[in-house]
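Below is one structure, written out as structure tokens; comments come after it.
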Amino acid sequence: DTEVTQTPKHLVMGMTNKKSLKCEQHMGHRAMYWYKQKAKKPPELMFVYSYEKLSINESVPSRFSPECPNSSLLNLHLHALQPEDSALYLCASSQGPPTITTGELFFGEGSRLTVL
Amino acid sequence: TQLLEQSPQFLSIQEGENLTVYCNSSSVFSSLQWYRQEPGEGPVLLVTVVTGGEVKKLKRLTFQFGDARKDSSLHITAAQPGDTGLYLCAGSMWAGSYQLTFGKGTKLSVIP
């Protein structure tokens with residue numbers, strides 16, 4: 001069983017909706033990540049939080065807004081998404097931040113997002 | 001250009017056969033990780049290799065890191081249907097922070 005928990009597992013939303021994806025880890029990891037994965041493609045990095053601060057934003061459109069309320073929680077707020085944003089959104093954590101360690105990633109099971 | 005070339009992209013074999021998946025690059029990595037992902041699930045870390053020439057075994061899976069730390073291979077002996085999934089290699093490289101680059105993945109189907 002994964003120690004990174006993501007909710008919801010499935011989400012369907014319209015282009016005018018506002019929704020959030022949530023991620024939680026209790027391994028004491030200091031870095032948390034959001035990845036986007038389209039079908040039959042590898043995960044693409046979106047954001048990295050190190051010690052609860054945003055350290056990497058891979059030029060992600062502002063309709064995706066990350067938030068890290070504390071060291072165990074990571075949210076991804078979604079607003080005015082497009083159908084092409086439909087994908088599997090993966091949260092991951094690593095023991096240390098990417099400035100210090102090569103960071104083996106522990107992934108959650110993902111949130112399958114469909115934008116109508 | 002893809003930093004990490006993974007091959008083959010698709011592989012369909014019979015139960016009991018052996019197979020090898022390759023991950024190649026012209027860049028040197030500080031480490032390389034292999035993940036396995038099942039449909040609708042997140043990737044699960046299988047192994048990390050760090051030292052050039054390193055070989056690690058995980059039951060029927062053998063992982064090797066090239067001497068120059070530019071390439072890696074995953075060999076599966078006597079494949080089982082439970083080995084079916086997407087295998088991803090990911091190389092870690094320092095560029096101000098450690099950047100993890102994924103290969104495109106190998107979709108393995110093991111037919112009973």
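Letters A, B, ... mirror the listed sequences (proteins, then strands); counts begin at 1. Here the structure is a predicted model, which is why all the values come from computation and not from measurement.
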Counting only heavy atoms not in A:Gln95 (residues, nucleotides, ligands), do more than 12 fall under 6.0 Å from its CD? no
Cut-off 4.5 Å, heavy atoms of chain A, and the answer for B:Gln99 is side chain
Hydrophobic cluster membership, with links at side-chain heavy-atom distances under 4.5 Å among I/L/V/M/F/W/Y: are A:Met32 and A:Tyr51 in one? no
Which bit of B:Tyr35 is near chain A, if near means a heavy-atom gap under 4.5 Å: side chain, backbone, both or neither? side chain
Taking atom CG of B:Leu100 and atom OH of A:Tyr35, what is their separation to the nearest 0.5 Å? 5.0 Å
How long is the straight-line distance from CD of A:Glu104 back to CG of B:Leu45, given to the nearest 0.5 Å? 5.0 Å
Which atoms of A:Glu44 are under 4.5 Å from chain B, going by heavy atoms: the side chain, the backbone, both sets, or neither? neither
What about B:Ile76 and B:Leu11, same hydrophobic cluster or not, with Ile/Leu/Val/Met/Phe/Trp/Tyr joined at side-chain heavy-atom distances under 4.5 Å? yes
Is A:Met27 atom CE crowded by more than 12 heavy atoms from other residues, nucleotides or ligands, each under 6.0 Å away? yes
Is it true that, when you exclude A:Lys9 itself, more than 12 heavy atoms of the residues, nucleotides or ligands shown sit nearer than 6.0 Å to its NZ? yes
Per-residue tally against chain A (heavy atom, under 4.5 Å) across B:Gly105, B:Pro39, B:Gly42 peaks at B:Gly42
Could you have a look at A:Leu90, A:Leu88, A:Ile56 and say which one has the most heavy-atom pairs with chain B under 4.5 angstrom? A:Leu90
Chain B contact via A:Leu105 - side chain, backbone, both or neither, heavy atoms under 4.5 Å: both
Shortest non-hydrogen separation from B:Gly103 to A:Pro42 and the atoms involved: O-CB, 3.1 Å
Heavy-atom count around A:Lys38 NZ within 6.0 Å, excluding the residue itself: above 12? yes
Would you find more than 12 non-hydrogen atoms of other residues, nucleotides or ligands less than 6.0 Å from B:Lys56 atom NZ? yes
Tell me, for B:Gln9 versus chain A, whether the close heavy atoms (under 4.5 Å) come from the side chain, the backbone, both or neither. neither
